[in-house]
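First up is the structure itself, then whatever we jot down about it.
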2 protein chains.
Amino acid sequence: MDVKTVCLGMLDDGEASGYDLKKHFESTFAHFFAAGYGSIYPALSSLAEAGLVDCEEIPQEGKPDRKVYRITDAGHQHLLDALKQPAPSHKVRSEFLATMCFAHLMTPEQIETVLESRVKDIDRYMSMFHEFETTGMEEWPGGMRFVCGFGKAMTEAMRKYIEENKHMLTQQTAASRSAAG
Amino acid sequence: MDVKTVCLGMLDDGEASGYDLKKHFESTFAHFFAAGYGSIYPALSSLAEAGLVDCEEIPQEGKPDRKVYRITDAGHQHLLDALKQPAPSHKVRSEFLATMCFAHLMTPEQIETVLESRVKDIDRYMSMFHEFETTGMEEWPGGMRFVCGFGKAMTEAMRKYIEENKHMLTQQTAASRSAAG
DNA sequence: GACTTTATATATCGGAGTGATAGTATGCAT
DNA sequence: ATGCATACTATCACTCCGATATATAAAGTC
């Protein structure tokens, strides 16, 4: 399940341009599968070349031509095949946790700053989830609701853990020890 | 905070070879910062070239020479600077959730298989965390304890969410509807 | 005794993805 | 009038991932 396949899945729901897909990646998919133009445009080109999507160029004045992609029958079949993968991965890449591993080399102020930025990020996600819930999430397919609920549950658990355990980081670091003599 | 910096941080705790670091990445760092030889060896070469680590080649019979890396003063200073980054990221890349977004295109059996493999993965992580706890985690620096507790809390929350919400996925999919007529 | 797996140790390479940058136009605010 | 957001495309250098290659010994298994 790479960017190509996710794009294909999004297009299975209706035609769209690369720009449209990017907005999708930034909203409902943001918390578990980010992708930028650098992956989306090459993905769409490659899908078109493989005949899994059709591309219609819609000329526009002033702006660049809008390229609208539509999934083909072969594309739909390819998607169905891709969904047969029995053990899809779930990976975390956290510079935050990597940094916290070395908390004993940081000052309490540095640690506090990092935690604050993490909590801000968490709050951004929480308001995003809240917005989903208040803008017709009930009509989404079950899978999408499951996925967003998953993100919300994880984000809440993260905030709770940080609040309840940050004392482990700020108490008695190497920096505070040397500062205190 | 890239692989290079994490290697530097590990070496701040004592000299090690690329092979040693890999084992570290596979145990305590596995749940939030995976790295393979394809990232570790180039990282070490680059750190050595920049003078942030020293390399001592220890000849061995039969096996390839063991290259032991040791952090330099410049390297330690570089690490301290890297830890000043105020907003380190925390990213999830989940083919699992991406797949679940398209649950309406899957059979209940396919969905069940995917969930089972995820739960197995969760159990592997849980027994890993359990092993950490029973093998002298109390002596670890606060940061490492925080990070492992974080992983455990997230993993537990994940299992709980899946158990309580998987019904959202298996009920009434497109496949089950058409199978039922 | 032969066979496979596991552990020790290095390293490279193709392909995938990231983040920054670039170009070009409209419209809206300050 | 200058900057900023929105709409739309696209590329490029770099980093990272996963698989693969190479070589040997110990330990388990059939």
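Chain A is the first sequence line, chain B the second, and so forth, proteins listed ahead of strands; every chain is numbered from 1. Basis for what follows: all heavy atoms, side chains included, without hydrogens, waters or symmetry-related copies.
Rounded to whole angstrom, the span from the CD atom of A:Glu56 across to the P atom of D:dT9 amounts to 13 Å. Separating the OH atom of B:Tyr69 from the C1' atom of C:dA11 is a distance of 11 Å, rounded to the nearest angstrom. Summarising the geometry, the separation between CD1 on A:Ile40 and P on D:dC8 is reported as 14 Å, rounded to the nearest angstrom. When rounded to the nearest whole Å, the span between OH of B:Tyr19 and P of D:dA23 equals 18 Å. Between the OH atom of A:Tyr37 and the C1' atom of D:dT11 there is a distance of 14 Å, rounded to whole Å. If you take CG of A:Leu44 and P of D:dC8, they are 14 Å apart, rounded to a whole angstrom. At whole-Å resolution of the value, CZ in B:Phe25 and C1' in D:dG18 are 16 Å apart. Rounded to whole Å, the distance from CD1 on A:Ile58 to C1' on D:dA7 is 14 Å.
Salt bridge B:Glu164/B:Lys160: present, at least one basic N to carboxylate O contact under 4.0 Å. We find that A:Asp20 and A:Arg66 are joined by a salt bridge, their nearest charged nitrogen and carboxylate oxygen being less than 4.0 Å apart. A salt bridge links A:Glu26 with A:Lys22; the closest basic N to acidic carboxylate O contact falls under 4.0 Å.
Between D:dT9, C:dA11, C:dT18, one nucleotide has an atom nearer to the side chain of A:Ala35 than all others, and that is C:dT18. The side chain of A:Asp2 approaches C:dA16 more closely than any other nucleotide in the set C:dT10, D:dT6, C:dA16.
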Give every donor-acceptor pair under 3.5 Å between a side-chain atom in residues 73-82 of chain A and any protein atom, sequence neighbours left out.
residue : atom : partner : partner atom : Å
A:His76 : ND1  : A:Asp12 : OD1          : 2.6
A:Asp81 : OD1  : A:Lys84 : NZ           : 3.2

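When each of B:Arg93 and B:Lys67 is assigned the nucleotide of DNA chain C with its nearest heavy atom, B:Lys67 is the one assigned upstream, toward the 5' end. Residue B:Lys23 is the one, among A:Ser39 and B:Lys23, whose nearest nucleotide of DNA chain C lies closer to the 5' end (criterion: closest heavy atom).
Ring orientation note: the planes of A:Tyr41 and A:Tyr37 are close to parallel, at an angle under 30° on the 30°/60° scale.
Nucleic acid contact class of A:Lys91 (heavy atoms, under 4.0 Å, all strands): sugar-phosphate only.
Of the side-chain N and O atoms in B:Arg66, none sit less than 4.0 angstrom from OP1 or OP2 of C:dA11. Within the 4.0 Å cut-off from OP1 or OP2 of C:dA11, not a single side-chain nitrogen or oxygen of B:Tyr41 is found.
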